Visitor: 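To start, I am sharing the structure in question, which I have written as structure tokens.
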Amino acid sequence: MNFKNPDTSALNEKKLFIFDMDGTIYLGGNVFPFAIKFINDLRANGKRVMFFTNNASHTDPFYMEKLTRLGFSPTRDEIMTSGDVTKVYLQRHRAGQSVYLVGTDELVRFQK
């Protein structure tokens with residue numbers, strides 16, 4: 001089977017690259033071999049990088065620690081969880097109203 005790399009020239013004009021975390025740049029505690037170098041190369045070329053996850057059971061500090069430990073060197077503004085998105089939504093559309101949070105102990109502690 002012959003494999004030909006796709007044309008990646010369109011990536012040169014992109015300014016922001018968003019990566020899903022678990023299963024895309026790492027799996028559990030194992031980093032995919034290409035991920036750190038690729039992300040470092042993007043940053044070195046002036047590109048912005050963000051790490052997204054739909055796992056709301058953990059907080060931003062958890063992902064900061066994990067990504068740092070795995071070698072990705074994230075900044076806080078590069079991490080976005082589904083919990084972050086929910087929080088912004090509630091602040092914009094339900095400001096001042098009470099919320100009954102059902103989540104992990106970690107998530108409940110972080111929101112206080």
Side-chain angles (χ1 to χ4, degrees):
M1 179 164 129
N2 292 332
F3 177 78
K4 182 179 176 187
N5 284 328
D7 179 15
T8 59
S9 61
L11 296 178
N12 293 330
E13 62 193 53
K14 305 304 178 197
K15 296 177 183 176
L16 171 65
F17 290 77
I18 300 171
F19 296 91
D20 180 52
M21 289 189 241
D22 198 16
T24 303
I25 58 173
Y26 64 79
L27 186 57
N30 300 311
V31 176
F32 292 126
F34 61 85
I36 293 173
K37 182 181 180 334
F38 183 66
I39 289 170
N40 287 341
D41 288 349
L42 289 171
R43 288 179 174 136
N45 286 292
K47 307 298 183 178
R48 185 159 182 229
V49 172
M50 292 194 73
F51 303 97
F52 279 24
T53 181
N54 63 352
N55 183 347
S57 65
H58 294 296
T59 59
D60 301 342
F62 172 89
Y63 287 110
M64 275 292 295
E65 186 279 325
K66 181 168 187 168
L67 289 170
T68 299
R69 180 173 32 85
L70 293 176
F72 289 100
S73 305
T75 61
R76 170 55 197 104
D77 65 333
E78 290 179 332
I79 298 172
M80 178 72 63
T81 71
S82 55
D84 294 325
V85 173
T86 301
K87 186 175 180 179
V88 169
Y89 175 86
L90 291 171
Q91 289 170 336
R92 287 184 185 167
H93 301 283
R94 308 293 288 177
Q97 297 185 29
S98 65
V99 173
Y100 186 80
L101 176 62
V102 178
T104 62
D105 289 342
E106 176 186 346
L107 187 62
V108 172
R109 279 191 310 274
F110 186 71
Q111 299 307 316
K112 289 185 178 179

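For the single chain, residues carry numbers from 1 onward in sequence order. Please read these numbers as outputs of a predicted model, since none were measured by experiment.
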Visitor: Any heavy-atom pair between the side chains of Asn55 and Asp22 that's under 4.5 Å?
Guide: no
Visitor: Using the test side-chain hydrogen bond (donor to acceptor under 3.5 Å, both in side chains), find all partners of Thr81 that sit at least two apart in sequence or belong to another chain.
Guide: Asp84
Visitor: Run the ring-ring contact (aromatic ring centres under 6.0 Å, His included) test against Phe19 and tell me which residues pass, sequence neighbours left out.
Guide: none
Visitor: If only atom types and distance count, is the side chain of Asn45 paired as donor or acceptor with the main-chain N or O of Lys47 below 3.5 Å?
Guide: no
Visitor: Which heavy-atom pair separates Ser82 from Ala56 by the least distance, and what is that distance?
Guide: OG-CB, 3.3 Å
Visitor: Can any side-chain N or O of Lys15 pair as donor or acceptor with the backbone N or O of Arg48 at less than 3.5 Å?
Guide: no
Visitor: Are Val85 and Met21 linked, directly or through intermediate hydrophobic residues, by side-chain heavy-atom contacts shorter than 4.5 Å (ILVMFWY only)?
Guide: no
Visitor: Does Thr8 have any side-chain hydrogen bond (donor to acceptor under 3.5 Å, both in side chains) partners at least two apart in sequence or in another chain, and if so, which?
Guide: none
Visitor: Does a side-chain heavy-atom distance below 4.5 Å link Leu11 with Leu42?
Guide: no
Visitor: Which atom pairs, donor and acceptor, lie under 3.5 Å between side-chain atoms of residues 69-79 and protein residues at least two apart or in another chain?
Guide:
from	atom 1	to	atom 2	distance (Å)
Arg69	NE	Glu65	OE2	3.0
Thr75	OG1	Asp77	OD1	2.4
Arg76	NE	Asp60	OD2	3.3
Arg76	NH1	Ile79	O	2.8
Arg76	NH2	Asp60	OD2	2.2
Glu78	OE1	Arg43	NH2	2.7
Glu78	OE1	Thr75	N	3.0
Glu78	OE2	Arg43	NE	3.4
Glu78	OE2	Arg43	NH2	3.4

Visitor: With sequence neighbours left out, write down each residue that passes side-chain contact (heavy atoms from CB on, under 4.5 Å) with Phe52, or none if nothing qualifies.
Guide: Ile18, Met50, Met80
Visitor: Table please: side-chain donor-acceptor pairs of residues 26-39 below 3.5 Å, with sequence neighbours left out.
Guide:
from	atom 1	to	atom 2	distance (Å)
Lys37	NZ	Asp41	OD2	2.7

Visitor: Enter the distance from Tyr63:OH to Thr68:OG1 here, rounded to the nearest 0.5 Å.
Guide: 14.0 Å
Visitor: Could you measure the distance from the NZ atom of Lys66 to the NE2 atom of His58? Nearest 0.5 Å is fine.
Guide: 7.5 Å
